[in-house]
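Every chain is numbered from 1, with letters handed out A, B, ... down the list of sequences.
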Protein chains: 2
Amino acid sequence: MASSRPTLADVAAAAGVSVSTASLAFSGAGPIAPSTRDRVLTAAAALDYSGPNPLGRQLRSGRSGIVGVLIGDQLRRSFRDPVSIQMLDGLASTLGPLGFGVLLIPGAADEPPAHLDPLVESAVMDVAVLICGATADDANLATLRRRGIPVISVEGEPLEGVTEVGIEDRVGATELGRHVLGLGHERIAIVTLPFDWQRRSGVASPARLAEIRWEIPRRRLAGLTDAGIAPVAVYETPASLVEHGKTAGHALLSGPDRPTAIIAHSDLLASGVVLAARELGLRVPEDVSVAGFDGLDLPWLAPDVLTSVSQPLAEKGAVIGRAVQALMSGERPEPTTLSMALRIGTTTGPPPTR
Amino acid sequence: MASSRPTLADVAAAAGVSVSTASLAFSGAGPIAPSTRDRVLTAAAALDYSGPNPLGRQLRSGRSGIVGVLIGDQLRRSFRDPVSIQMLDGLASTLGPLGFGVLLIPGAADEPPAHLDPLVESAVMDVAVLICGATADDANLATLRRRGIPVISVEGEPLEGVTEVGIEDRVGATELGRHVLGLGHERIAIVTLPFDWQRRSGVASPARLAEIRWEIPRRRLAGLTDAGIAPVAVYETPASLVEHGKTAGHALLSGPDRPTAIIAHSDLLASGVVLAARELGLRVPEDVSVAGFDGLDLPWLAPDVLTSVSQPLAEKGAVIGRAVQALMSGERPEPTTLSMALRIGTTTGPPPTR
DNA sequence: AACCGACATCGAATCGATTTGATGCAGAGA
DNA sequence: TCTCTGCATCAAATCGATTCGATGTCGGTT
């Protein structure tokens with residue numbers, strides 16, 4: 001009593017009212033005389049009571065106000081990608097004012113995860129957001145379903161009972177591809193996001209290209225094919241990081257018959273390619289054109305601006321936030337697909353005349 | 001019953017045992033006959049029961065398994081800094097296996113925050129971590145104290161009842177300063193982290209230098225002073241971002257009597273300075289030396305390696321994780337101060353001979 | 001045969017709040 | 001004066017689990 005923190009019952013006793021009345025004084029849900037409320041609040045202040053314990057409230061209401069965000073990768077890697085960060089910021093900004101908190105659930109260090117994440121199994125959450133392109137055989141997804149937690153999937157494949165939020169990246173890729181083709185390029189190479197857990201690094205064989213597991217590289221490659229691009233090489237990277245783009249750029253630009261244009265599946269990869277080109281003494285875009293994906297502002301490339309396809313990251317976060325809200329009010333929100341916009345920068349131009 | 005999810009009581013009824021026995025079957029805390037446990041687990045599987053509801057467990061135990069991390073800034077800005085990310089990754093990696101989740105609590109968009117963050121006020125958490133250098137007058141800190149939530153403060157000022165985790169950045173700054181002085185530099189400029197909520201941009205006046213509110217720039221400046229550096233200019237930036245470093249670099253290196261060395265309070269700022277120097281046609285380190293703080297790997301500067309003072313970011317996260325664990329077992333963990341290590345890269349050298 | 005201890009199981013209290021339905025009281029209308 | 005209405009208040013049930021203390025049963029010891 002003296003040692004532990006005061007409870008609503010203590011406050012009610014001190015104010016000389018019942019627990020229910022004290023509850024009403026805090027929640028305001030129900031009729032209460034102003035004088036009584038004041039008395040309760042005064043007693044609470046005197047006891048240094050900091051408001052109703054959220055645990056009790058949660059048990060009663062069945063709501064925790066927590067949105068679990070499954071990163072599907074280690075934070076270290078995932079959060080070096082501004083794409084994740086900006087979306088998460090948009091999400092947190094939308095959710096915060098609604099009283100929701102974001103619980104980070106990082107992926108396992110071993111890939112594919114051998115054991116289920118204990119947090120997915122046991123953490124309290126009202127809604128889960130898979131921000132990593134979920135697939136149907138995802139073990140985490142199965143667990144969330146069993147627990148009865150509504151799921152929002154970002155850029156994943158369409159799944160039964162899951163709210164989708166996506167971007168038109170296939171269309172965006174096609175636009176980007178058409179832009180590059182329109183400049184007159186014929187020898188075009190592609191630097192892709194990882195195909196699966198293997199996260200290989202190197203030029204992908206036709207066999208490898210036929211077994212792309214993850215949705216995002218598949219869609220973006222398909223979009224480029226739609227544009228009519230027949231790449232001279234498709235280079236797979238282990239993650240969307242500058243250094244992997246650099247490695248790919250060196251590999252693609254060092255050999256004979258180098259491509260005149262390189263299209264990367266992310267701006268981070270593309271910026272690595274630009275850096276590699278510069279290191280090799282190649283001018284961008286005079287000697288080689290480079291295009292990316294996402295539409296980020298990359299200060300270290302300035303004054304160059306990457307040609308890219310912009311996705312509305314903050315809006316993506318906001319859309320997810322609204323979907324969370326809708327799920328909490330018992331609605332089944334519609335799947336949303338956000339459009340992308342071609343951004344022509346300074347890193348693409350006509351191919352060199354030889 | 002049929003509509004809502006099954007509870008432990010339903011499982012117990014189906015298995016023909018009491019609720020307490022069913023609880024024992026799941027928790028394993030107490031003697032139970034293997035046959036009985038099997039019966040309960042079978043009944044649970046038949047009912048599609050996914051294990052005890054964490055809300056109920058939490059109310060009883062008073063523990064939520066959630067660690068609140070107060071970012072103290074917008075995610076967007078804060079997470080563009082690899083320092084925060086890597087530390088957060090270390091923290092999440094340590095906490096995850098212990099069954100703790102990380103709840104992100106972003107700072108308000110308006111600065112200083114006019115209203116209290118509702119999450120600080122009401123979110124469930126066992127421990128709060130202030131990763132942004134807390135000051136004594138922090139409103140969030142007061143709220144957390146009132147709620148009786150133990151607080152861990154990273155790189156903040158020493159505060160009553162708060163567990164400190166810090167780095168020896170004052171000492172590190174001194175080592176870095178000695179290194180630069182030892183090379184023979186006399187005209188040294190400093191690019192600092194923001195002094196307070198105002199987040200000004202530009203050369204700081206002596207008056208301004210006397211009223212630094214935030215701990216980190218104050219300590220790092222003090223460390224450089226300890227080394228015997230009397231800077232020709234101290235340039236304050238609004239945030240630790242590449243573009244702000246670039247702005248500062250342009251301002252400091254464009255005028256007459258430019259400094260021969262620039263020391264920045266973060267690697268991100270320092271890398272901006274390097275980029276600015278390159279844009280101005282200055283060679284690093286032949287024309288100007290640049291040093292940073294944190295010891296990050298910045299792929300876009302390669303093959304250059306920034307001279308810097310490394311802090312053990314992953315270890316910092318791990319130390320915080322262990323402090324959380326200690327606080328949960330009722331101990332009062334000792335404050336920890338991690339040491340830094342001078343890393344001499346390729347961006348510092350002797351001053352140009354004129 | 002009486003007793004004791006170990007062990008499995010159960011009933012009931014507990015955690016801290018919300019919420020429903022009941023109660024009491026005051027003022028208005030007949 | 002009696003009743004009816006409306007409002008403030010309260011007692012008790014509820015949310016879903018954990019845990020303490022009690023009960024019952026069985027085997028073994030003296």
Side-chain angles (χ1 to χ4, degrees), chain A residues 1 3-41 43-44 47-65 121-126 147-149, chain B residues 1 3-41 43-44 47-65 121-126 147-149:
Chain A
M1 171 64 86
S3 64
S4 69
R5 309 199 60 71
T7 73
L8 192 57
D10 299 328
V11 173
V17 299
S18 74
V19 200
S20 18
T21 305
S23 174
L24 257 36
F26 282 101
S27 70
I32 189 168
S35 62
T36 313
R37 184 187 15 246
D38 286 349
R39 207 144 40 87
V40 173
L41 296 183
L47 288 176
D48 205 29
Y49 177 76
S50 56
N53 182 332
L55 280 177
R57 188 202 306 261
Q58 286 178 13
L59 177 60
R60 189 68 239 254
S61 64
R63 297 265 164 94
S64 65
E121 194 81 61
S122 69
V124 173
M125 48 187 152
D126 293 336
R147 291 186 60 190
I149 296 175
Chain B
M1 172 65 84
S3 64
S4 67
R5 309 197 60 71
T7 73
L8 192 57
D10 300 328
V11 174
V17 299
S18 73
V19 200
S20 20
T21 305
S23 174
L24 257 37
F26 282 100
S27 71
I32 189 169
S35 63
T36 313
R37 186 195 5 254
D38 286 349
R39 206 143 41 87
V40 173
L41 296 182
L47 288 176
D48 206 29
Y49 177 76
S50 55
N53 182 334
L55 280 177
R57 187 203 307 263
Q58 287 178 12
L59 177 60
R60 188 66 238 247
S61 65
R63 298 266 162 93
S64 64
E121 194 80 62
S122 68
V124 173
M125 47 187 153
D126 293 336
R147 291 186 59 191
I149 296 174

Atom-pair distance ([atom1] on [X]; [atom2] on [N]), nearest Å:
{"X": "B/Arg60", "N": "C/dA13", "atom1": "CZ", "atom2": "C1'", "answer": "8 Å"}
{"X": "A/Asn53", "N": "D/dG16", "atom1": "CG", "atom2": "P", "answer": "18 Å"}
{"X": "A/Asp10", "N": "C/dC15", "atom1": "CG", "atom2": "P", "answer": "10 Å"}
{"X": "A/Leu8", "N": "C/dG16", "atom1": "CG", "atom2": "P", "answer": "11 Å"}
{"X": "B/Leu59", "N": "C/dT18", "atom1": "CG", "atom2": "C1'", "answer": "12 Å"}

B/Thr7 side chain, from C-beta outward: closest of D/dG16, C/dA17, C/dT18: D/dG16
Determine whether [X] and [Y] make a side-chain contact, defined as any pair of heavy atoms from C-beta on separated by less than 4.5 Å.
{"X": "A/Arg5", "Y": "A/Ser50", "result": "yes"}
{"X": "B/Pro54", "Y": "A/Arg147", "result": "yes"}
{"X": "A/Thr21", "Y": "A/Thr36", "result": "yes"}
{"X": "B/Val40", "Y": "B/Val11", "result": "yes"}
{"X": "B/Arg63", "Y": "B/Arg57", "result": "no"}

For [N], does either OP1 or OP2 sit under 4.0 Å from a side-chain N or O belonging to [X]?
{"X": "B/Tyr49", "N": "D/dG16", "result": "no"}
{"X": "B/Arg57", "N": "D/dT18", "result": "yes"}
{"X": "A/Ser27", "N": "C/dT18", "result": "no"}

Please enumerate all protein N or O atoms sitting under 3.5 Å from an N or O of nucleotides 7-11 of chain C, with distances to 0.1 Å.
{"from": "C/dT9", "atom 1": "OP1", "to": "B/Thr36", "atom 2": "OG1", "distance (Å)": "2.2"}
{"from": "C/dT9", "atom 1": "OP2", "to": "B/Ala33", "atom 2": "N", "distance (Å)": "3.0"}
{"from": "C/dT9", "atom 1": "OP2", "to": "B/Thr36", "atom 2": "OG1", "distance (Å)": "3.0"}
{"from": "C/dC10", "atom 1": "OP2", "to": "B/Ser18", "atom 2": "N", "distance (Å)": "2.9"}
{"from": "C/dC10", "atom 1": "OP2", "to": "B/Ser18", "atom 2": "OG", "distance (Å)": "3.4"}
{"from": "C/dC10", "atom 1": "OP2", "to": "B/Thr21", "atom 2": "OG1", "distance (Å)": "2.6"}
{"from": "C/dG11", "atom 1": "N7", "to": "B/Ser20", "atom 2": "OG", "distance (Å)": "3.1"}
{"from": "C/dG11", "atom 1": "O6", "to": "B/Ser20", "atom 2": "OG", "distance (Å)": "3.3"}

Side-chain H-bond candidate by donor/acceptor type, B/Ser23 with B/Ser20, under 3.5 Å: no
